[in-house]
Q: 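Right, I'll just put the structure down here and ask away after.
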Amino acid sequence: MDRIVLIGLNHKTAPIDIREKFAAVCADGMVQLQQLAQFQALKEVFQVSTCNRMEVLFTTPTLDQGMGAVVGFLGEIYGQTGGALKPYLYTYIDQEAVKHLFRVTCSLDSMVVGEPQILGQIKQAYRQAVEARTSGVILNRLLHKAFSVAKQVRTETRIGRSAVSISYAAVELAKKIFNELTGKVVLLIGAGEMAELAAEHLLNNSVDRIIVANRTLERAMALAKRFRGTSVPLDEVAEELSRADIIISSTGSPDPILTADEVKRRMRSRRNRPLFFIDIAVPRDIEPAVNRIENVYLYNIDDLQGIVDLNRADRLREAGRAEHIITAEALKFESWLRTLEVVPTIVALREKAEQIRQGELKKTFGPLDPLPDDLARSLQVVTQSIVSKVLHDPILFLKRTSSKARKDLYLDTARKMFNLDADQSEAQTEEDVSLDSREAT
Amino acid sequence: MNESALLFWVLTILLYGVGTVGYLIYIIRPDTPIHRVASLFLLGGFVSHTLELLLLILRIHYAPVTTMQQALSFFVWAIVGSYLAFQLKFNIRILGTFVSPLAVIFMLLSTTIPAHLVPASRLFKSFWLNLHVGTMFLGNAVFALAFCAGIMYLLQERQIKNKSFGLLYRRLPSLESLDSLNRTCVIVGFPLITIGLISGFVYAGTVWRSYWNWDPKEILSVITWLIYAVLLHERLAVGWRGRRAAVMAIVGFAAIMVTFLGANMILEGHHRFKAG
C-alpha cells in the first residue's frame, strides 16, 4: 500500500536565509511541481511554499526511494547536496503527515498562530497541483479534508478571533466604542509605518475619510493623496477635534501635541460624541490625562501591546482545542485510507448485497403466511445465486485491480459507485478550493 | 385563579426559567447558537404569559393590577414584551442575559405573595384608570431596559477606560449601541409615563374630586418623572451621553423600584395594592 509522506522546512527548523532562498526559487511553484512529478518513485505530489515554509507532500509505493528523491530535489534548490540540508528538514509519514498538514492548514504551525493567510496559500497551491494533475485520489481527499478541518477549527474555536497585531487591536477597540466605523472621520497626526497601517485598516473598515496633519506639508499631501483624504497644518489639529472621531498620533515631537485642556474644550462642540485617541508615538503625543475626560478614550502603544499579548495567550489556549479536532479528523482519514484495500471493499460489497437480498425477501414474504419449507429453501437458493452472479464480475475486476498501478482510483470509484462509505455526503467539491485567494507571503 | 390560568402561570415561569439558564450559558459559551434557543423560550414564556393575563382580564374585566402579585406579573409581562420588541431593532443578544433573570426573579417574588382577588369595584372600570395603569407599566418596563443598558454601559466603559478586559468585554456590545439603546428607551418611555401621570390625575379628579392628594406614591412618581425629564432634556439639548446618561437611567429605575415596591409595602395611601 502507498505511504503518505511530508518533507519540509519552516520558520522553526530553518533560519531566514534558507527560507528566503526557497521562497525566491519557488515563488511560482508550478515548475517545481512538474519537476517533482517526473520522479518515478512519487505517485501523487503536492507542494506549498510561503515565506515561512516549504513543504512537499507525496504518496509513494517505495518509501526510501521517494524520500531520497524529494530530499535530493530540495537540496538542489538550496544549491547543495540533500545531506547539507538535512538538519533543517522534518519528515512525517502516514498518520503524522496527515496531522501535520491539518495543523498547517489550521494555522497552528504558523509563526503567528491563528493567522488566516495560510489557508488561502494552501488552497492556491492545491489548485496548481490539480492543474498540473499531480494530485490523485489520496491527496485530493486529504487536501479537501484539510480545508474542511480548517473551517471546523475556525468555527468551533476562537483561534482566529482576537487581534494579534497593534493595528488590528486598534480597529477592534474602535468597534467596541463606535460600533460601526461607517461615517467616522480619522485624523492622522504624523506618519510612520504603524500609524499608516492602522489608518489603512480603518479605511478597510469603511471609515468615512482621513484627515492628515504633518510637520512637512509635502509629506502630508502625499499621505492625503494615498488615503484619498485632506491635509491640514500641524498647528491646527486641535481645531479638527470637532470633526474627527479617531485620532492616530505618531509624531517625533518631544512635547505633547494635544493637552487635556484642549481636548476638553472641544467636547462641547462635539456634543460629547466619543473620541478615540491612539497614541503610538514615543515620547507620547497626547497628554495621558486625556483618558480621564468623559467619553474620551486614550490608548498608547503599551496599552495596545498589552491587548495583543493577551490575545496571543488566548489563541494558544484555543490551539489546544484545535489539536483535539485535528487528531480526531486524522483518525477518520486513516480509516478511509484503509478502505482503499481490495479485501475490505469486496467484503463490504458482499455485505451490502446480502443486506439488500434479505431486506427484499422480508419485504415481499414477511406479511404473507409462512411458505412451505422446501419452497422457502428454493427461494433462498435462487436469490443467493442471482446476487453472486451479479457480483461475480465486479469482484473479479477488483481482485485483478490489486496489481494495477491505479488501484486506489478503481477502489475509490467502486466504493462510490456502490455507495459503500457511510460518510459519502462529506465528499467535497472543487468550490472549496476557489474560496480564498492567495494573500501576501 | 382557575385551572387553565394556573397552568399558564406555571408554564410561563418554567419557560422564563429555561430561557434564563440559556442566556446565562451564553455568557460562558458565546460561540454556540444557544441564545437563539434561549430567546425562543423567552418568547414562548411571553405567549403563555399573555394568554394567562387574557384569561384573567376576561374574568375580572379590568387591568389586572389590583394585587401585588398581579402587578408584578403584569410588570414582568411588560418588560419581556418590550425586550422582545427592542431585540428586533437593536439585536443586542446579551441584553437577554440581564432581562431574563429580572423576569424570573419578579415572577417568583410575585408567587410568594398570597393572591386574593378583590371584589370587582365600580372604581376599577374606568377608562382613565386603565390608561393610567397601562402606560405607567409599559413606560416603567421600557425604563427597566434602559436600566439594564445603563449597567451594561458602565461595565463595558470601565473595561475600556481602565484597559483591563474581563470575561464580559467580548460579550457586551459597543458603547455606542448601548448608549443608543438607552436613548431610545428614554425617548419611548418618557411620553408613556407622562400620559400615565396625566391620566392618573384625571382619574383621581373624577373619583376623589381632587387631582392631587399628597399620596406618597404620587409624590414619588412625580420625582421619578422629573429624573427622566432631566435626563431627556440634557440628552436632547446639551448632548449628554455615555456614562452620565447611563448613571441617570440607573438612578431613575431605582426611583421606580422605590415607588413601586416601597410605597406599596411600607407607606400608606390609596395606591396600595391589596396584599391579602
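Within every chain, numbering begins at 1; the chains are lettered A, B, ... in the order of the sequence lines, protein sequences first and strands thereafter. Being a predicted model, the structure only gives us computed values, none of them experimental.
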Q: Test your reading of the model: is there a side-chain donor-acceptor pair from A:Asn272 to the backbone of B:Gly239, 3.5 Å cut-off?
A: yes
Q: Could you grab the distance from atom NZ of B:Lys161 to atom CD of A:Glu294, nearest 0.5 Å is fine?
A: 8.0 Å
Q: Counting only heavy atoms not in A:Arg103, do more than 12 fall under 6.0 Å of its CZ?
A: yes
Q: Can you say whether B:Leu178 sits under 4.5 Å from chain A via the side chain, the backbone, both, or neither, judging by heavy atoms?
A: neither
Q: Got B:Leu175 and A:Phe178 here, is their nearest side-chain heavy-atom distance under 4.5 Å?
A: no
Q: Is any side-chain heavy atom of A:Lys176 less than 4.5 Å from a side-chain heavy atom of B:Tyr169?
A: yes
Q: Verify the neighbour count for atom CZ of B:Arg183: are there more than 12 heavy atoms of other residues, nucleotides or ligands below 6.0 Å?
A: no
Q: Measure distances from B:Ala237 to the heavy atoms of chain A and classify the residue's part below 4.5 Å as side chain, backbone, both or neither.
A: backbone
Q: Take B:Trp240 and A:Arg271 through the side chain to side chain contact (heavy atoms under 4.5 Å, CB included) test and state the conclusion after the steps.
A: CA-CA 7 Å; B:Trp240 261 25; A:Arg271 293 180 59 89; over 6 Å; no
Q: In Å and rounded to the nearest 0.5 Å, what is the CD1 to OG distance from A:Ile307 to B:Ser164?
A: 10.5 Å
Q: Could you go through B:Arg244 and A:Asn295, starting from their C-alpha distance and side-chain angles, then the distance that decides it, and tell me whether this counts as side chain to side chain contact (heavy atoms under 4.5 Å, CB included)?
A: CA-CA 10 Å; B:Arg244 266 185 225 191; A:Asn295 295 314; over 6 Å; no
Q: Can you tell me how far the CG atom of A:Asn300 sits from the NZ atom of B:Lys163, to the nearest 0.5 Å?
A: 6.0 Å
Q: Taking all non-hydrogen atoms of both residues into account, name the closest pair between A:Arg268 and B:Val238 and its distance.
A: NH1-CG1, 4.3 Å
Q: More than 12 heavy atoms of other residues, nucleotides or ligands under 6.0 Å from CD of A:Glu180: is that the case?
A: no
Q: Decide side chain to side chain contact (heavy atoms under 4.5 Å, CB included) for B:Phe165 and A:Leu173; before the verdict, give the C-alpha distance in whole Å, the side-chain angles of both, and the deciding distance to 0.1 Å.
A: CA-CA 11 Å; B:Phe165 304 101; A:Leu173 266 169; 4.2 Å; yes
Q: To the nearest 0.5 Å, tell me how far A:Leu181 CG sits from B:Ser174 OG.
A: 9.5 Å
Q: Is there a side-chain contact between A:Pro274 and B:Glu176 in this structure, where contact means two heavy atoms from C-beta onward sitting under 4.5 Å apart?
A: yes
Q: If you count every heavy atom of other residues, nucleotides or ligands that lies below 6.0 Å from B:Phe46 atom CZ, does the total exceed 12?
A: yes
Q: Just by distance, do the side chain of A:Tyr299 and the backbone of B:Ile160 share a donor-acceptor pair under 3.5 Å?
A: yes
Q: Using modelled atom types and a 3.5 Å cut-off, is there a donor and acceptor pairing between side-chain atoms of A:Arg273 and backbone atoms of B:Arg241?
A: no
Q: Find the distance between CG (B:Asp179) and CG (A:Asn179) and round it off to the nearest 0.5 Å.
A: 11.5 Å
